[in-house]
> 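Take a look at the following structure, please.
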Amino acid sequence: MIPKLHYISQGATPKEHIENIQKACSAGAELVQLDVKNISEKKYLKLAKEAREITAYFQTRLILSGAYKIAKEIKADGVHLEQKDSCPATARIHLYTWQLIGAAANTLKECENLLEKQVDYITLRPFRADETLPAENTALGFNGYTTILEALQTKTPIIGGGGIVTKDITEILKTGISGVAVSDEITQNFDIVKTFNQLLSASSTEEKRHTF
């Protein structure tokens, strides 16, 4: 089962990324993705170990952006690969069989290619224009999501990403999207994790509903 809400870490410094991961875990995020850029492998490893300690404590899944060798070393729950990163098939050879591989796509063709490589989930993005992503990535919106998901007809979870906020969730789920990856809105207010979980009917809210 791939959690329905993915928190993509943000921060002006590596330390802030770790602090924000801790806050997201405390708020009930079921999966966090360590997404630091432009740091050395040695620093990334140190950071990933810190993130692993936090997520293990909260029983939250940890995904690393790109660094599949470090993901294996620290026994993270998996990796998320951009189009410019390693091929998922290459990463799969290195990883443990239980580790997840997620990958980013923007078009139907990219999704089809990733499904052929047997990724565990795809992040389809951006939902709306997002300056943090390459300019050639078309904003997909509700119509783009619907069109691609109808063409794919896949059981592989497709996660929406790129500028998604809570008010989008009800309509997004109608497109066939199975979950969302969020950074901005959660970093600005970690309490909103609970709202996302409720809107997505995430398993953490299901469990809470049945405890007396």
Side-chain angles (χ1 to χ4, degrees), residues 1-9 30-35 37 61-72 76-165 168-183 196 199-203:
M1 274 287 288
I2 310 289
K4 293 179 182 180
L5 178 63
H6 299 198
Y7 170 60
I8 314 299
S9 75
E30 292 183 76
L31 182 150
V32 297
Q33 183 178 322
L34 177 61
D35 190 31
K37 293 176 173 70
R61 296 207 195 179
L62 173 65
I63 301 289
L64 301 187
S65 291
Y68 63 84
K69 289 178 182 170
I70 292 175
K72 181 171 188 178
D77 294 278
V79 290
H80 186 273
L81 304 171
E82 298 296 328
Q83 290 289 329
K84 64 179 183 347
D85 289 331
S86 313
C87 169
T90 307
R92 175 61 72 208
I93 293 163
H94 285 271
L95 292 169
Y96 294 108
T97 51
W98 50 265
Q99 286 178 304
L100 297 169
I101 295 180
N106 177 241
T107 63
L108 173 61
K109 185 157 181 47
E110 286 171 1
C111 288
E112 288 169 342
N113 288 343
L114 291 170
L115 290 173
E116 277 177 25
K117 289 170 182 162
Q118 299 182 320
V119 295
D120 297 293
Y121 69 93
I122 292 170
T123 307
L124 187 57
R125 63 182 200 210
F127 170 68
R128 53 172 59 89
D130 186 338
E131 60 271 15
T132 65
L133 296 173
E136 66 271 15
N137 280 8
T138 312
L140 295 162
F142 297 114
N143 291 343
Y145 278 175
T146 304
T147 305
I148 290 173
L149 279 138
E150 281 177 359
L152 285 176
Q153 294 291 317
T154 179
K155 288 191 167 77
T156 301
I158 309 291
I159 305 293
I164 292 171
V165 294
D168 301 319
I169 300 301
T170 307
E171 288 300 313
I172 274 183
L173 292 175
K174 291 177 188 172
T175 68
I177 286 281
S178 50
V180 293
V182 181
S183 46
F196 271 112
L199 289 165
L200 292 160
S201 304
S203 58

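We count residues from 1, following the sequence as given. Just so you know, these numbers come straight off a predicted model, no measurement behind them.
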> Looking at OG of S9 and CG of L64, how far apart are the two atoms once the value is rounded to the nearest 0.5 Å?
9.5 Å
> What pairs with K109 under salt bridge (Lys or Arg N to Asp or Glu O under 4.0 Å), at least two apart in sequence or on another chain?
none
> Mind checking side-chain hydrogen bond (donor to acceptor under 3.5 Å, both in side chains) for Y68 and listing every partner two or more places apart, or none if nothing turns up?
none
> Give every donor-acceptor pair under 3.5 Å between a side-chain atom in residues 175-183 and any protein atom, sequence neighbours left out.
from, atom 1, to, atom 2, distance (Å)
T175, OG1, I172, O, 2.6
T175, OG1, I177, N, 3.4
S178, OG, I158, N, 3.2
S178, OG, I158, O, 3.2

> What are the two closest heavy atoms between D77 and R61, and how far apart are they?
OD2-CA, 3.2 Å
> Name the atoms and distances for all side-chain donor-acceptor pairs under 3.5 Å in residues 140-154, with sequence neighbours left out.
from, atom 1, to, atom 2, distance (Å)
Y145, OH, L124, O, 2.8
Y145, OH, G161, N, 3.2
Y145, OH, G161, O, 3.4
T146, OG1, F142, O, 2.9
T147, OG1, N143, O, 2.8
Q153, NE2, E150, O, 3.0
T154, OG1, T156, N, 3.0
T154, OG1, T156, OG1, 3.4

> With a 3.5 Å distance limit and no angle check, can you tell me whether R128 reaches the backbone of G163 through a side-chain donor-acceptor pair?
yes
> With sequence neighbours excluded, what pairs up with K174 under the salt bridge (Lys or Arg N to Asp or Glu O under 4.0 Å) test?
E171
> Tell me, please, which residues at least two apart from K37 pass side-chain hydrogen bond (donor to acceptor under 3.5 Å, both in side chains).
D35
> Look up atom CD1 in I122 and atom CG in N106, then write down how far apart they are to the nearest 0.5 Å.
12.0 Å
> List the atom pairs, with distances to 0.1 Å, where a side-chain N or O of residues 93-103 and a protein N or O form a donor-acceptor pair under 3.5 Å, not counting sequence neighbours.
from, atom 1, to, atom 2, distance (Å)
Q99, OE1, Y96, N, 2.9
Q99, NE2, A71, O, 2.9
Q99, NE2, A76, O, 2.8

> Using the side-chain hydrogen bond (donor to acceptor under 3.5 Å, both in side chains) criterion, which residues pair with H80? Sequence neighbours excluded.
T123
> In Å, rounded to the nearest 0.5 Å, how long is the span from CG of L199 to NZ of K4?
11.5 Å
> Could you go through the side-chain contact (heavy atoms from CB on, under 4.5 Å) check for I164 and I169 one step at a time?
CA-CA 8 Å; I164 292 171; I169 300 301; 3.9 Å; yes
> Would you say NZ of K72 has more than 12 non-hydrogen atoms from neighbouring residues, nucleotides or ligands within 6.0 angstrom?
yes
> Among residues two or more places apart or on two chains, list those pairs meeting salt bridge (Lys or Arg N to Asp or Glu O under 4.0 Å) that have a residue in residues 85-95.
R92-D120
> Taking the side chain as every heavy atom from C-beta outward, state whether Q118 and P88 have any atom pair closer than 4.5 Å.
no
> Measure the shortest side-chain to side-chain distance between I63 and H6 over non-hydrogen atoms and say whether it is less than 4.5 angstrom.
no
> Holding to side chain to side chain contact (heavy atoms under 4.5 Å, CB included), I want the full list of residues that pass it with Q83, two or more places apart in sequence or in another chain.
A105, E110, L114
